[in-house]
> 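Encoded as structure tokens, here's the structure I'll be asking about.
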Amino acid sequence: MIVVEDLHKHFGGFHAVDGASLTIETGSITALIGPNGAGKTTLFNVIAGVLPPTSGRVVMDGEDITGLPPHVLFSKGLLRTFQIAHEFHSMTCRENLMMVPPGQTGETLWNTWFGRKRIADEERALRAKADEVLEFLTVEHLADHPAGQISGGQKKLLELGRTMMVDAKIVFLDEVGAGVNRTLLNTIGDAIIRLNRERGYTFCVIEHDMDFIGRLCDPVIVMAEGHVLAKGTIDEIKANEAVIEAYLGTGLKNKDKLEGAGA
Amino acid sequence: MDILNAFVTLLNFVIIPATAYGAQLALGALGVTLIYGILRFSNFAHGDTMAFGTMIVILCTWGLQGAGVTFGPLPTALLALPVGIALTGLLVIGTDRVVYRFYRRQKAKPVIYVIASLGVMFIMNGIVRFIIGVDDQRFADGERFIISARTFRDLTGLEEGLAFRTSQGITIVVALIAMGLLFWFLNRTRTGKSMRAFSDNEDLALLSGINPERVVMITWLIVAALATTAGTLYGLDKSFKAFTYFQLLLPIFAAAIVGGLGNPVGAILGGFLIAFSEVGVTYAFRKVVEYLGPEGWSPDGLMQLLSTDYKFAVSFGILLIVLLFRPTGIMKGKSV
Amino acid sequence: QDTITLGVLLGFTGPAESLAPGMADGAELAMAEVTESGALLGGATVVSVRGDSACDATLSVAAAERLITSAGVNGIIGALCSGATIPALTNVAMPNGMVMVSPSATSPALSTLEDNGLFFRTAPSDARQGVVMAQNILDRGFDTVAVTYTNNDYGRGLADSFAAAFAELGGTVTLVASHEDGRADYSAEVGALAAAGGDVLVVAGYIDQGGPGIIRAALDTGAFDTFVLPDGMVGNAITERFGTEINGSFGQFPGTDSEGAAMYFDLATAAGFDGTAAFSAEAYDAAALIMLAMQAAGSTVPAEYAAHIMDVANAPGEPILPGELGRALELLAAGQDIDYIGATAVELIGGGESAGAYREIEVVDGVIQTVNFR
Amino acid sequence: MTRSLDTRALLMFALVGMLFVGTGFVQSWNIALGIFNMGLISAIMALGVNMQWGYAGLFNVGVMGFAALGGLAAVLVSMPPQQDAWAAGGVQVLLGLVLGAATIVLAILAWSKLPAGRMRALTMIVILVGGFFLFRSVFDTGVAAVEAVNPSAAGYLGGLGLPVILAWPVGGLLAAGAAWIIGKTALGLRSDYLAIATLGIAEIIIAVLKNEDWLARGVKNVTGIPRPVPYEVDLQQTEWFLDLAARMGASPVIFSSIFVKLCYAALFIVVLLALIWLSEKAWNSPWGRMMRAIRDNEVSASAMGKNVKARHLQVFILGSAIIGMAGAMMTTLDSQLVPGTYQPLRFTFLIWVMVIVGGSGNNWGAVLGGFLIWWLWIQVEPIGAFVMQGITAGMDPDAWLRGHLMDAVAHMRLLTMGVILLVVLRFSPRGLIPER
Amino acid sequence: MSGSDTANPYQNDRGNKDLSIGKPGGGTLTASPGTKHAMNTSQAFLIGDTMTGGYGNGPDILHACTIAVNPGEIAVIVGPNGAGKSTAMKAVFGMLNVRQGSVRLDGEDITDLSPQARVAKGMGFVPQTNNIFASMTVEENLEMGAFIRRDDIRATMEQVYHLFPILKDKRRQPAGELSGGQRQQVAVGRALMTQPKVLMLDEPTAGVSPIVMDELFDRIIEVSRTGIPILMVEQNARQALEIADKGYVLVQGRNAHTGTGKELLADEQVRRSFLGG
Ligand SMILES: Nc1ncnc2c1ncn2[C@@H]1O[C@H](COP(=O)(O)OP(=O)(O)OP(=O)(O)O)[C@@H](O)[C@H]1O
Ligand SMILES: Nc1ncnc2c1ncn2[C@@H]1O[C@H](COP(=O)(O)OP(=O)(O)OP(=O)(O)O)[C@@H](O)[C@H]1O
Ligand SMILES: [Mg+2]
Ligand SMILES: [Mg+2]
């Protein structure tokens, strides 16, 4: 589905993405993990057209999509969420969702004056759909609340909710889990699996929660210092020395010290 | 071929005036940029703050002159400057208490401050005109020239004269020192950094134990000092007239913005850019070319790129082009 | 009628704000004089209502509207800028049949404007001054000049008519460059003018606007040291500011060899303001004309006294100088004719505008001296 | 349409309405109507700015320029053509302009078609420099010829001699065209940077208007622009009107002014209502929602498939067109074009004050702000004088201070404006009718 | 309590004198509601006592919510999204209108103190969002953390760099250009620079990689062992509760469950509803 070829993104002298090449298979739930600052978000941003690459290519279904603006990519079925929530703060949560579907009749000025009937019908359907999503995310009580005034975790949920408003081909999720309650995250995980199975969405997920990754994803791609360090199933990755050293670690050191002190 | 005369002509009509004017703009722009950098809004009252400060200085200067106090070859106004700064400081801090603090508490959008500052501008405008009137006021004294055109001609025997006014010299020096100090203050001192922190993230500044009221007060004090100094130097060089100070606002803003809002170095660069584009692009190069060309030859036209009618437009045009390539100014300024 | 109100519609704020106070003082001085004399229409008191035209079309219309329909004035002295005068005249004064006498709107456009006989001015059209100035310069033996004008209808009109006249008379104009008033810096203009060169620099600007800035920069850089000063630039402020630095500079402004100006200056000084302020004397005359015409018509209704303005302003009749308004009123009451000379030697021609006799001045030892009349 | 008009809003409108009625009773109906007419135009301008700022967060400080373009349209559409000037050099001027445009188009073509490199740069320079001199040589002689024809009364090409009402949409189109060019180049800028860019462009437009005499006489001003309504003086001599006045029991002179103002008011109201209807419909629809989303967060909106650039360009053009239209209406009302009066304070910042005080993001707020602030702008003069009189009432008439205070009366105008502005902002910092 | 009577080796009785802990059900701390000056009856070092309040004039978000922490303790707050965890933290820090209840520090009522006064009293806080100075460099961020300190801060800064090595590499870079996890590290580092007497962290580990998370928890344990009370909100709840002396489960602004970390971990219902099974 997505092929990234030798992608580079430099900020001044700093190589945030440094020759990354990877493939996201159609129909997979691919995980992208790696230490902080490995370049995952930057890679997402380049793929999604937010940042222009320094060099390299991004191909989607055989078509070169390098450097296309985000709204064009959206229309090609590429959706993404943001690691740091980008809600529309002055709009209500419901409006945050309702604005998503593309090509709404009422988005053309002419129709807002002379196509009231059609708009009204569409709006009704959209509203129902938005409410459904809100309910799924357990935030239906916030439907009319300004999105700028909800909790950090709820913003992340909204972030995810927007991708559920349309039929996408591929969805990039940037740490949807960070700050989300684990019980809810499990439900979200289920939903992702369902969307993947039933509707054939492809997912690419950045996460630091290995349980979540383990439950959902295959394959797992590990990035470090701007390039791909390893790729494989979750178990392979968990056993990979390099990955353990750079990313996973070996657990709490103070565990022993504490025990020592307490004994 | 007479390179010396050509150079002196250019120096006399372009480089010195533009540098001095640039420094004047830069001093004003430093104040604007500081308010933007710390308090995050474009202060439209800055021109009138300058006028107010200058007015105080003028009144004091008159007093001093009346009492027979002078400052040797330097203008007496420099002696009166501290008083002007102090009173202007009181005024702007008072204004902040009465007007801006309320919006800060409300966490109002920057545009609200901008409009509020328009209101403040109207009021200060009225106060200044009320106290000192709308006419030209002169208060310059001391040695007018570091070197005057005639002296230069007599000294060098060149055909062209070269004039360099005391006020121009002082302005250039003061502008550069002010920029250096401000840069050092904001980037190196604890207080300066806390001011930047406040402007970046007010809530977090609170959590770091930074006292917002103190930050705001210091900002206004510096602004008062800058505005008064800028206004006084401008007044010494040209003359004091309330309306001109209001008009000065536009090029000052242009300088601050094109330099990159919030950045002292940007303010200086912006000031010079505006000044040089105003003076340079519309300069008629005829004389210079005449000197450079063969003896006795002179070009037909004025050798002027654009007529001076368009000097303001030209400087804005250049500003636009700069912004197209550097959307947040030469020095990558802030944007709210 | 006990009180007569006259509107003083001037640009008290905005680009010409420093001109307005002196003019208003002048107009009000005339009113005070008349009131004191107790001779107008059997002892009427004349009071002034000020309106701010701000040199802006809409504001001036609004202010005129207020003066006429709310304050109920019987005549208007104003407006200051031509750009504010025309809309106030066409949109408000004419529909309401109100008389306007402008002391300072000198745009040639006003000469031909359809005004139903309601508009007069005590300052001559710029078209005339251009010719006079051209002659003046050539007579002094200068034949190449550079010109800078303030970029409005006054400056532009004057510069145009001057340049045309000067070229016709055989002189050379090296450059005609505009300058905007109230700007921070005039180095660019002076640079261009200096490059163009010329024996003298004609500064068709305002004494308290960009004009002095231009002169300052030209003097400092050594670009010019002799300046030609038309009406907007003549005043004590200029010599106060530059003193002997501009010795030899010369110019002209409306006036005749009557003693009027000097008398007016004394009157103004007694009243506590500067009588040489630009257009202040013209304002005095404008107010005087309106009141004298009222007396002549025996009415304060504009439609009735408008026709008498020309009569009182021009010969034949007893000449009237500043400070003699009381006498004039009595003469008129007695049915005699007067010829109002006033502070600026008023002579109205054509559609009610000043004929334009000019007083030629020169700066000698840092003082403005009258050297000739044209 | 009434969704955003709640009781508070209605109350506010009633209050402002009372200001006007009060003016009518206390001062005169002529004044009240005069202010009202300009209030209508101000409200339309405020609507345009509100579209750009309230809808899209575009900080346009070039209002003055667009209004001036509208004014230019009034001249170009309605003034009679100057046959002599056309004969003298009109065609040449036009040819010059075409050449200038062709140069720019050619340069852009060269830029986009040729491969990057020194060759391209060189070609560009040759085209631009050559084009510039060709343009200047053709254009300048044409201009000189045109301006030489009767300079004190004409000296320009004149207009088309069409009914002045046509100038309103044309003014909108002119402004829209300028907005398109600006939008294409400068809309990448944000906040104050966009502000200074638009301000700069406005200054450039004014500079052109002031200095290109062949176009609209420059600073010599165009006066006597035809009216879409009858002249008072004519009315005062018309049979039916005199009858009407007699029947109303009013003086024909006063009534004629009022009548004319009412005619203008009717025309303006039609335009204002139409615009409000259109913008309210748009704002309370998915289009409005999309705009709000873009305003809140461009990055995110773009990731959600909204073409941010195109939408910005759209509102920028629409808003500017509205301002241009209002500018044309204003010039029609004044019957003259005076480039010198286009000052940023009056034409840009005052409009901004209207939008913010009224309540940005709310059409009704902008309209209310337009009326209120314009009323104040005019009435602070007498109010300020009144206040001053109150202050000085107790003083000795000959006291120096009293004289000084009375001399400063004119400056009370701005001072009063400032105080009122701050007070209003203080008590409703989000505007009198805030966005929902 | 002794280390041996629990299955969790991280628990010991480091200065935990509050016997009410350990009884699930919440609200067992002796509270003195609705008072601004009354002395506390509880011994807790820092206590937000039956706090009720909300944002601005909006509805109450917190309903008689009580949170307390003692020197040497780590208290962890968990709960669903929007439960009011962050709100409770802000209330303790004085960034919110507490309409009822009080906040006390070391026996002193600080309910009416401004946030910066609380900082002066030695409280340090890392908010959940907007927790860095984006336009300032990493180093300046840390310096600002130490704003109220007058002594030499270089040693502390070295410690922070030691803890988060990546920050040392990036110390001249504006913090706004950092990756999500790096920002989080800056935020925690900033709070550590204060050398606070009480440390409050709102989701310090959100978005950081497992290895850094471990480091962070290690460091938190170390800090708490120096006797500093730590109050922390966490969504990585299981890891957090493992090291916690005290856990609070908040639901809709109310204390739903309170207990030691291991008790909560052991509670089947809590696990299922709040810890993700
Ligand atoms: N605008 C920028 N300018 C300079 N450096 C940047 C910029 N944006 C990101 N970086 C650097 O690029 C690197 C990669 O950042 P990125 O956000 O892609 O990391 P990440 O893999 O998403 O990390 P995390 O897991 O913490 O979110 C970081 O070291 C960061 O400091
Ligand atoms: N600034 C605000 N203004 C008004 N209401 C707010 C604001 N911030 C949060 N809320 C509301 O307060 C409630 C509690 O929010 P809070 O941020 O305390 O939740 P939380 O427990 O920290 O959740 P999370 O785990 O998602 O961060 C939420 O329902 C939210 O809608
Ligand atoms: Mg990331
Ligand atoms: Mg939270």
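Quick note on labels: first sequence line is chain A, next is B, and so on, each numbered from 1.
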> For E:Q182, is it the side chain, the backbone, both or neither that has a heavy atom under 4.5 Å from a heavy atom of chain A?
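Both backbone and side chain.
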> Quick check for you: among A:K40, A:Q149, A:Q83, which has the greatest number of heavy-atom pairs under 4.5 Å with chain E?
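It is A:Q83.
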> Between A:D131 and A:L134, is any pair of side-chain heavy atoms under 4.5 Å apart?
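They are in side-chain contact.
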> Name the region of E:S273, side chain, backbone, both or neither, that has any atom closer than 4.5 Å to a heavy atom of chain A.
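E:S273 touches chain A through backbone heavy atoms alone.
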> Which bit of A:E245 is near chain E, if near means a heavy-atom gap under 4.5 Å: side chain, backbone, both or neither?
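Just the backbone, heavy atoms under 4.5 Å.
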> Can you tell me which portion of A:F11 sits under 4.5 Å from chain E's heavy atoms? Options are side chain, backbone, both or neither.
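Neither the backbone nor the side chain of A:F11 comes within 4.5 Å of chain E.
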> Where do E:A88 and E:L250 come nearest, in terms of heavy atoms and distance?
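Scanning both residues completely, I find the closest heavy atoms to be CB-CD1, 4.2 Å.
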> To the nearest 0.5 Å, tell me how far E:K85 NZ sits from E:I67 CD1.
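CD1 of E:I67 is found 11.0 Å from NZ of E:K85.
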> Assess whether a salt bridge exists between E:R219 and E:E222, defined as any Lys/Arg side-chain N lying under 4.0 Å from an Asp/Glu carboxylate O.
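A salt bridge links E:R219 with E:E222.
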> Would you say that A:I29 contacts A:C217 through its side chain, given a criterion of any heavy-atom pair below 4.5 Å between the two side chains?
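When only atoms from C-beta onward are counted, A:C217 and A:I29 do touch, with a gap below 4.5 Å.
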> Answer with side chain, backbone, both or neither: which region of E:S209 has an atom nearer than 4.5 Å to a non-hydrogen atom of chain A?
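Both parts, backbone and side chain.
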> Which region of E:R272, side chain (C-beta onward) or backbone (N, CA, C, O), has a non-hydrogen atom less than 4.5 Å from a non-hydrogen atom of chain A, or is it both or neither?
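Just the backbone, heavy atoms under 4.5 Å.
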> Sort A:I150 into side chain, backbone, both or neither according to what part of it lies under 4.5 angstrom from a heavy atom of chain E.
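A:I150 has no heavy atom closer than 4.5 Å to chain E.
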> Where on A:I244 is there a heavy atom nearer than 4.5 Å to chain E: the side chain, the backbone, both, or neither?
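A:I244 touches chain E through backbone heavy atoms alone.
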> Check whether any side-chain heavy atom of A:H208 sits under 4.5 Å from a side-chain heavy atom of A:N36, and report yes or no.
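A side-chain contact exists here, since the closest heavy-atom pair is under 4.5 Å.
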> Please give me the minimum heavy-atom distance between A:V243 and A:V222, naming the atom from each residue.
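Taking A:V243 first and A:V222 second, the nearest heavy atoms are CG2-CG2, 4.0 Å.
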> Please flag which part of A:L185 lies under 4.5 Å from any non-hydrogen atom of chain E: side chain, backbone, both or neither.
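Neither part.
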> Answer with side chain, backbone, both or neither: which region of A:T183 has an atom nearer than 4.5 Å to a non-hydrogen atom of chain E?
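Looking at A:T183, backbone and side chain both touch chain E.
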> Which answer fits E:Q173, side chain, backbone, both or neither, if we ask what part of it has an atom under 4.5 Å from a heavy atom of chain A?
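Neither part.
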> Which bit of A:A246 comes within less than 4.5 Å of chain E, counting heavy atoms only: side chain, backbone, both or neither?
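Backbone only.
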> Looking at E:N236, E:I166, E:T129, which one has more heavy-atom pairs under 4.5 Å with chain A than the rest?
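That would be E:N236.
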> Is the closest basic N to carboxylate O distance between A:R182 and A:D211 below 4.0 Å?
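No, A:R182 and A:D211 are not salt-bridged.
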> Is E:K90 positioned over the aromatic face of E:Y55, cation under 6.0 angstrom from the ring centre and no more than 45 degrees off axis?
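Output no; distance or angle outside limits.
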